[in-house]
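Written below as structure tokens is the structure these notes are about.
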Amino acid sequence: MDLQALSDFDLVAAHGGFGRAARVSGRSKATLSRRVSELERSLGVRLIERGSQTLRLTDEGRALHERTHGLLSEIAEAGEAVVLGASTPRGRLLVSAPVVFAHVAMPRIGARFALAYPEVQLEIVAEDRKVDPVEDGYDLIIRIDPSPDERLVGRRFLNDERLIVAPPGMPRPVRGVDEDESTVRAVVLSAASPAAVWRMKSGTEADMVLRPDPILRLSSLLMVRDAVLLGAGAALLPKLLVADDVEAGRLAYWGTHAGPPVEIWALQSSRRLVGAKVRAFLEVVESAFPEKVFVAPPL
């Protein structure tokens with residue numbers, strides 16, 4: 001397969017037509033059309049249906065574009081790295097992150113990175129949908145407790161915990177002699193189970209169990225945090241989301257949930273090399289999370 005012809009086809013497919021591809025690349029429509037025709041003849045299939053006003057990829061053309069677009073971008077990046085110097089981060093960097101993590105951490109991380117690497121055009125998208133780094137064009141995706149996926153590689157950069165927090169003036173439950181659990185006024189997620197309990201670590205003693213009595217159900221963790229700050233009730237929230245409020249005294253820390261830690265990973269396609277801009281971004285991410293240790297008051 002002629003790599004230049006394949007690259008020309010990718011250019012036309014990505015821009016939806018020979019005219020737009022010609023304007024972007026500075027090459028003539030006739031040259032692009034001829035090269036795509038040569039590719040079609042070499043493969044023995046029609047890749048593009050040409051109309052008088054429109055252009056449409058055939059099923060074979062769409063499949064070829066989807067499978068080779070990322071590879072061609074990687075080849076271009078590799079050549080650019082050789083020419084410009086592999087140690088200098090340059091170019092566009094597109095990152096996807098979950099909404100809560102993006103709102104809490106990404107403004108600080110993005111600002112640090114932009115100041116340190118002005119030759120990189122960083123774009124961060126906050127979204128909770130499950131994205132594919134190749135199909136959706138992302139260089140890096142942030143995921144919370146990701147399932148194993150052989151198409152993705154990366155590393156865990158943060159182990160987060162869930163904290164039980166409350167308004168500072170709200171009475172904290174105490175362990176009763178004959179009680180296995182205490183009921184507390186709570187703000188919970190809309191999807192929380194009515195039978196859910198909060199099991200709070202208690203050092204060498206048995207965990208203390210709190211049963212939330214939901215007076216307010218909200219659809220996002222950010223909304224839950226804000227409601228607790230306004231005094232509505234206690235809540236179970238990620239440490240990442242409430243650490244600053246606890247340190248500033250805006251929230252009271254009752255204890256840490258006894259469940260497993262929450263793992264936050266940075267992942268990319270296993271088919272792509274880790275470039276200088278991705279490595280630089282990961283270094284900024286990892287430096288942004290100094291460990292914060294809280295001590296719960298006595299039960």
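The first residue of the sequence shown is numbered 1, and numbering continues consecutively from there. Computed from a prediction, not measured in an experiment: that's the story for all the values here.
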Can you list the residues that meet the side-chain contact (heavy atoms from CB on, under 4.5 Å) rule with [X], with sequence neighbours excluded?
{"X": "D128", "answer": "P98, V99"}
{"X": "I124", "answer": "V95, M106, L122"}
{"X": "A258", "answer": "R199, K201, D207"}
{"X": "R250", "answer": "L229, D244, D245, A248"}

So, the side chain of [X] versus the backbone of [Y]: is there a donor-acceptor pair under 3.5 Å, distance only?
{"X": "R172", "Y": "W254", "value": "yes"}
{"X": "D136", "Y": "D132", "value": "yes"}
{"X": "S33", "Y": "A30", "value": "no"}
{"X": "R155", "Y": "A266", "value": "no"}
{"X": "N159", "Y": "E263", "value": "no"}

Out of curiosity, [X] [atom1] to [Y] [atom2], how far, rounded to the nearest 0.5 Å?
{"X": "L163", "Y": "L241", "atom1": "CG", "atom2": "CG", "answer": "9.5 Å"}
{"X": "I164", "Y": "E161", "atom1": "CD1", "atom2": "CD", "answer": "11.5 Å"}
{"X": "E127", "Y": "I142", "atom1": "CD", "atom2": "CD1", "answer": "11.5 Å"}
{"X": "H65", "Y": "L57", "atom1": "NE2", "atom2": "CG", "answer": "7.0 Å"}
{"X": "D139", "Y": "S96", "atom1": "CG", "atom2": "OG", "answer": "11.5 Å"}
{"X": "L240", "Y": "L158", "atom1": "CG", "atom2": "CG", "answer": "6.5 Å"}

SB check R62 E66 (cutoff 4.0 Å):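 Answer for the salt bridge query: no.
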
Note, L64 side chain near L43 side chain (heavy atom, < 4.5 Å):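 Yes. Closest side-chain heavy atoms under 4.5 Å.
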
Sequence-distant partners of E123, salt bridge (Lys or Arg N to Asp or Glu O under 4.0 Å), two or more places apart: R92

Partners meeting salt bridge (Lys or Arg N to Asp or Glu O under 4.0 Å) with R46 (sequence neighbours left out):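 R46: salt bridge (Lys or Arg N to Asp or Glu O under 4.0 Å) contacts with E40.
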
Listed once per pair and sorted, the salt bridge (Lys or Arg N to Asp or Glu O under 4.0 Å) pairs that draw on residues 97-122, sequence neighbours left out: R90-E119

Nearest heavy-atom pair of [X] and [Y]: which atoms, and what distance?
{"X": "A186", "Y": "P212", "answer": "CB-CB, 3.5 Å"}
{"X": "M208", "Y": "S182", "answer": "CE-OG, 3.8 Å"}
{"X": "Y117", "Y": "A280", "answer": "CZ-CB, 3.5 Å"}
{"X": "V188", "Y": "P214", "answer": "CG2-CB, 3.8 Å"}
{"X": "F9", "Y": "G61", "answer": "CZ-O, 3.4 Å"}
{"X": "P133", "Y": "L152", "answer": "CG-CD2, 3.4 Å"}

Partner set under side-chain hydrogen bond (donor to acceptor under 3.5 Å, both in side chains) for R41, not counting sequence neighbours: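 Scan of R41 (side-chain hydrogen bond (donor to acceptor under 3.5 Å, both in side chains), adjacent residues dropped) gives none.
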
Contacts of type side-chain hydrogen bond (donor to acceptor under 3.5 Å, both in side chains), residue T58, not counting sequence neighbours: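 With neighbours one apart ignored, the set is E60.
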
Where at least one partner belongs to residues 210-238, residue pairs that pass side chain to side chain donor-acceptor pair (under 3.5 Å), sequence neighbours excluded: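 Residue pairs passing side chain to side chain donor-acceptor pair (under 3.5 Å), neighbours aside: E181-R211.
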
Selection residues 17-30 - residue pairs positive for side chain to side chain donor-acceptor pair (under 3.5 Å), sequence neighbours left out: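 Listed by first then second residue: D8-R27, S28-T31.
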
Common cluster, L237/L230, ILVMFWY with side-chain heavy-atom separation under 4.5 Å: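 No, separate clusters.
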
Same apolar cluster: L3 and L47, side chain cutoff 4.5 Å: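 Looking at the clustering, L47 is in the same group as L3.
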
Pairs touching residues 153-172 that satisfy ring pair (Phe, Tyr, Trp, His ring centres under 6.0 Å), sequence neighbours left out: F101-F157, F157-F289

Chi angles and distances behind the salt bridge (Lys or Arg N to Asp or Glu O under 4.0 Å) call for R279, E283: CA-CA 6 Å; R279 287 196 300 270; E283 290 173 0; over 6 Å; no

CA sep, side-chain torsions, deciding dist, call: F281, V120, side-chain contact (heavy atoms from CB on, under 4.5 Å): CA-CA 10 Å; F281 185 78; V120 178; over 6 Å; no

Passing option when L140 is tested against L94, V278, V285, L267 for side-chain contact (heavy atoms from CB on, under 4.5 Å): V278

Full working for side-chain contact (heavy atoms from CB on, under 4.5 Å) between V228 and V242: CA-CA 10 Å; V228 178; V242 298; over 6 Å; no

